[in-house]
Amino acid sequence: MSNNINITLPDGSVRSYGAGATGLDIAESISKSLAKAAIAVRIDGVLSDLSLPITGDAKVEILKRDHNDALEMIRHDAAHVMAEAVQKLFPGTQVTIGPSIENGFYYDFARNEPFSPEDFEAIEKEMRKIVERGDAFVREVWDRNKAIKFFKDKGEYYKAELIHDLPETEEIKIYRQGEWLDLCRGPHLPTTKHVGTAFKLLKVAGAYWRGDSNKAMLTRIYGTAWRDEKELNAYLHQLEEAEKRDHRKLGAEMDLYHFQHEAQGSVFWHPKGYAIWRILEDYIRRRIQEDGYVEVKTPQLIDNKLWEASGHWGKYRENMFVVPDVVPNTEEGGKVFKEEPTRFMALKPMNCPAHVQIFKQGIKSYRDLPIRMAEMGCCHRNEAHGALHGLMRARQLTQDDAHIFCTEDQIHGEVKKFIELFRKVYDDFGFHDVKILLATRPENKAGDDATWDKAEKAMADVLNELGIAFEYAPGDGAFYGPKYEFHLRDAIGRSWQMCTCQLDFVLPERLDASYVGEDGKKHRPVMIHRAVFGTFERFMGVLIEHYAGKLPLWLAPVQVVVATITGKADDYAATVLASLKKAGLRAELDTRNEKINYKVREHSHAKVPVMFIVGAREAEEGTVAIRRMDSQDQPVEKLENAVETLANLCKPPY
RNA sequence: GCCGUUGUAGCUCAGGGGUAGAGCAUCGCAUUCGUAAUGCGAGGGUCGAAGGUUCAAAUCCUUUCAACGGCACCA
């Protein structure tokens, strides 16, 4: 065996080094400046410490601070530095885990006293000291039992548990920075100095140990870290900007809707908000009618016997609003119910069981399939208080729902048809960055594994055949079948599931739906649950944030305001408004006794996309001065031309 | 549901044991104005709710409700 190893560099050149040479050795052999700038090394594609000896032939890439992976390492190291700082300042705090995340890092601590944002300054100060100290991150491999004992002796029970649960095959790696050390799989930057000072602690939050709500609640500190101050400030600025796009803030400012305590989690839609709703509803109706859907309406309150049969009573009850099927007691000061209720109904949390009931009316033939049964279905879900989040997570929600009853042979065609519909719709709304997941069987599931195998394979096949990239989300499926999840991000980067498409082999069986096949025998239909918007509520929330409230003309609740400069133009302004309304536009009139500056400012804030401004001159000449949002231009046009042009611009895309 | 933070006028916020404040918004009057705030005046609050401490509570304490940030759960 030779003592030399061949290292292939990214430019294709091959150099020979003694076995055990490190990334740093290689960098030094290339240039002094590279060695100085190097922060990590990629060995055969695996990110590693610069100081790790390389034992065999390998492809090696030296990474500098400007590399994308560097940012992740800076954040991970910042988490370690924070953990040391916290343990120094708050003795007795146990460390648990602290990964890098998108835009930053966090560390979960176990401590009886919670941390407060007021502690941040002290922690950051201590972190800067540790960075300034510049200790090397030293990698050590420990014996498993020694490591467990070490951490237990230190009172670090969470760490000991982590080590105990690591697979036998895994090396127990410890990274040391000066006196402080932590269990970690690495890799790390050469020294704490490399973390830099472009970091900031952002918030404290509770988080369950190992993500399990039955386990202890830890305190998590979130921070962000960047290569330099400039990047950090840009990010903090971006956060501020994102706050301004928040649909809850814009919803109030634009007078779209409100919430109040008495109907927690349910929306009071104001005229303008509901105008947007109706535009969405009209649009999606046109789309699904073209695709051969029929529309139905089903009951809100349904006896629990149906929910028992469908499986919701067993698997979904904690999310349902249950209503005793009893006449309430009306005695003053008496109990609400004289006796403990024994019969129950429930507000529907989903539309599917009701749609199956419609399917089951009469006898269906294979010739009737597929049946695409749609409903703008209003559902109620008893969401945990902490889960509620404006329009994104409400207790009353309305899905643009449909269930497609089809044969197994039709699955491919129907799913494909649906994905084409999804693409058209999201394109029309300007949503181009959609993440697609295939969610597979959860633990709490109905149906046998063979059925699940079949369903999951069918769904993966369709996407593969259509050449659509997707990722798996193991365990995230509905209890009755696997599903596609289509996720969009909100203003502050949170991802929300919108569109969905779920295959279901279970419910038709449970509710005994059948059709007569070509062979004259009974068969089970397959059910495809799908929603394009998902829910109107969430779709609107994302829509508002996506456009920062500045909705495209066809969606704007008020498309144009006619604003007068002087009372002398009031009569003319009324005729302008009439022409706009006649052309089918959503128009309003502002003849208030205010200066035009004031009106322009106010309607701009209300995000009205177009203003027709009329004064004495326009009244005289039969024209309007047109002001588009965010434009300094004020072209003056003949009224008829202006209305026609605007009407064309306001046409829905479909 | 769990951890933390915050609740004062319609909105944004100041005040912090001794008579409840500002700006914007609202209403009235004046002004008739050319593209992001015209002037003057008036009205508006059980200080989230309940209980407690105190001569006195918006302020201190307890409980509770809600909102916000996470976690868990999910469209």
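Naming: A, B, ... by sequence-line order, numbering from 1 per chain.
- In this model, the phosphate group of B:A67 is approached by a side-chain N or O of A:Gln264 to a distance below 4.0 Å at OP1 or OP2.
- Here B:A75 is the nucleotide among B:C73, B:U35, B:A75 with the atom lying nearest to any side-chain atom of A:Leu397.
- The separation between A:Leu250 atom CG and B:C11 atom P is 16 Å, rounded to whole Å.
- A 3.5 Å limit on both hydrogen-bonding distances identifies B:G18 as the Watson-Crick or G-U partner of B:C55.
- With a 3.5 Å ceiling on both atom-pair distances, B:G34 lacks any Watson-Crick or G-U wobble partner.
- For A:Met217, counting side-chain heavy atoms from C-beta on, the closest listed nucleotide (B:A66, B:G34, B:C3) is B:C3.
- Partner assigned to B:U46 is none, using Watson-Crick or G-U wobble distances below 3.5 angstrom.
- Here B:A75 is the nucleotide among B:C73, B:U38, B:A75 with the atom lying nearest to any side-chain atom of A:Gln497.
- For A:His603 and A:Arg627, the side-chain atoms include no donor-acceptor pair closer than 3.5 Å.
- Nearest nucleotide to the side chain of A:Tyr208, out of B:A72, B:A36, B:C33: B:A72.
- Checked by atom type, the side-chain pair A:Lys348/A:Thr298 shows a donor-acceptor distance below 3.5 Å.
- Here B:C68 sits opposite B:G4 as a Watson-Crick or G-U wobble pair (both hydrogen-bonding atom distances under 3.5 Å).
- For B:U35, the OP1/OP2 oxygens have no side-chain nitrogen or oxygen of A:Asn597 closer than 4.0 Å.
- When distances are taken from the side chain of A:Tyr598 to each of B:G70, B:U26, B:A36, the shortest belongs to B:U26.
- A distance of about 14 Å separates the P atoms of B:U59 and B:U53, rounded to the whole Å.
- Spacing between B:A37 and B:C65 at atom P, rounded to whole Å, works out to 46 Å.
- Note on A:Arg287 versus A:Asp400: no salt bridge recorded, every NZ/NE/NH1/NH2 to OD/OE distance being 4.0 Å or above.
- For A:Thr566, taking side-chain heavy atoms from C-beta onward, the closest of the listed nucleotides B:G69, B:G34, B:U32 is B:U32.
- A donor atom on one side chain and an acceptor atom on the other are found under 3.5 Å apart for A:Asp504 and A:His529.
- Nearest nucleotide to the side chain of A:Val600, out of B:U35, B:A75, B:G4: B:U35.
- Closest approach to the A:Ala625 side chain among B:U35, B:G4, B:A72 is made by B:U35 (side chain taken as heavy atoms from C-beta onward).
- Checking B:G34, B:A75, B:U35 against every side-chain atom of A:Gln502, the shortest atom distance belongs to B:A75.
- Remark: the separation of the P atoms in B:U64 and B:C3 is 11 Å, to the nearest Å.
- Distances shorter than 4.0 Å separate some side-chain N or O of A:Arg248 from OP1 or OP2 on B:G69.
- Using atom P as the reference point in both B:G34 and B:G28, the two lie 24 Å apart (nearest Å).
- Regarding A:Leu388, its CG atom lies at a distance of 9 Å from the P atom of B:A66, rounded to whole Å.
- Counting any heavy atom pair closer than 4.0 Å across all strands shown, A:Ala616 reaches a base atom.
- No cation-pi contact links A:Lys215 to A:Tyr208, judged by a cut-off of 6.0 Å to the six-membered ring centre and 45° from its axis.
- In this structure, A:Arg592 and A:Gly211 both approach RNA chain B, and ranking their closest nucleotides by distance from the 5' end singles out A:Arg592.
- At whole-Å resolution of the value, CG in A:Asp476 and P in B:A72 are 12 Å apart.
- Nucleotides B:A58 and B:C71 are separated by 33 Å at their C1' atoms, to the nearest Å.
- Checking the phosphate oxygens (OP1, OP2) of B:C68, no side-chain nitrogen or oxygen of A:Lys203 falls inside 4.0 Å.
- The side chain of A:Lys249 places no N or O atom within less than 4.0 Å of a non-bridging phosphate oxygen (OP1 or OP2) of B:U12.
- Separating the P atom of B:G51 from that of B:A56 is a span of 15 Å, rounded to the nearest Å.
- Counting to the nearest Å, the P atom of B:U5 and the OH atom of A:Tyr222 are 17 Å from each other.
- With C1' as the reference atom, B:G45 and B:G10 are 12 Å apart, rounded to whole Å.
- Evaluation of atom-type donor-acceptor distances gives a pair under 3.5 Å for the side chain of A:Glu383 against the base of B:A75.
- Among the protein residues, A:Ile613 comes within range of the nucleic acid bases, having at least one heavy atom under 4.0 Å from a base atom.
- At a cut-off of 3.5 angstrom, the base of B:G34 holds at least one donor-acceptor pair with the side chain of A:Glu618.
- B:A20 and B:A57: their C1' atoms are spaced 13 Å apart (whole Å).
- A:His312 places its NE2 atom 13 Å from the C1' atom of B:A75, with the value rounded to the nearest Å.
- The NZ-P distance, from A:Lys244 to B:U12, rounds to 16 Å in whole Å.
- Ring pair A:Phe109/A:Tyr107: centre-to-centre distance below 6.0 Å.
- Applying ring pair (Phe, Tyr, Trp, His ring centres under 6.0 Å) to A:Trp496 and the options A:His247, A:His487, A:His389 leaves one that passes, A:His389.
- When heavy atoms are screened at a 4.0 angstrom cut-off, A:Ala207 is found touching the sugar-phosphate backbone but no base atom.
- A donor and an acceptor atom sit less than 3.5 Å apart, one in the side chain of A:Arg393 and one in the base of B:C73.
- For A:His389, a side-chain nitrogen or oxygen approaches OP1 or OP2 of B:G69 to under 4.0 Å.
- Relative to the side chain of A:His605, the nucleotides B:A75, B:C73, B:A36 differ in distance, and B:A36 lies closest.
- Phosphate proximity of B:G69 to A:Arg494: present, with a side-chain N or O under 4.0 Å from OP1 or OP2.
- Note on A:Arg210 versus A:Glu161: salt bridge recorded, some NZ/NE/NH1/NH2 to OD/OE distance being below 4.0 Å.
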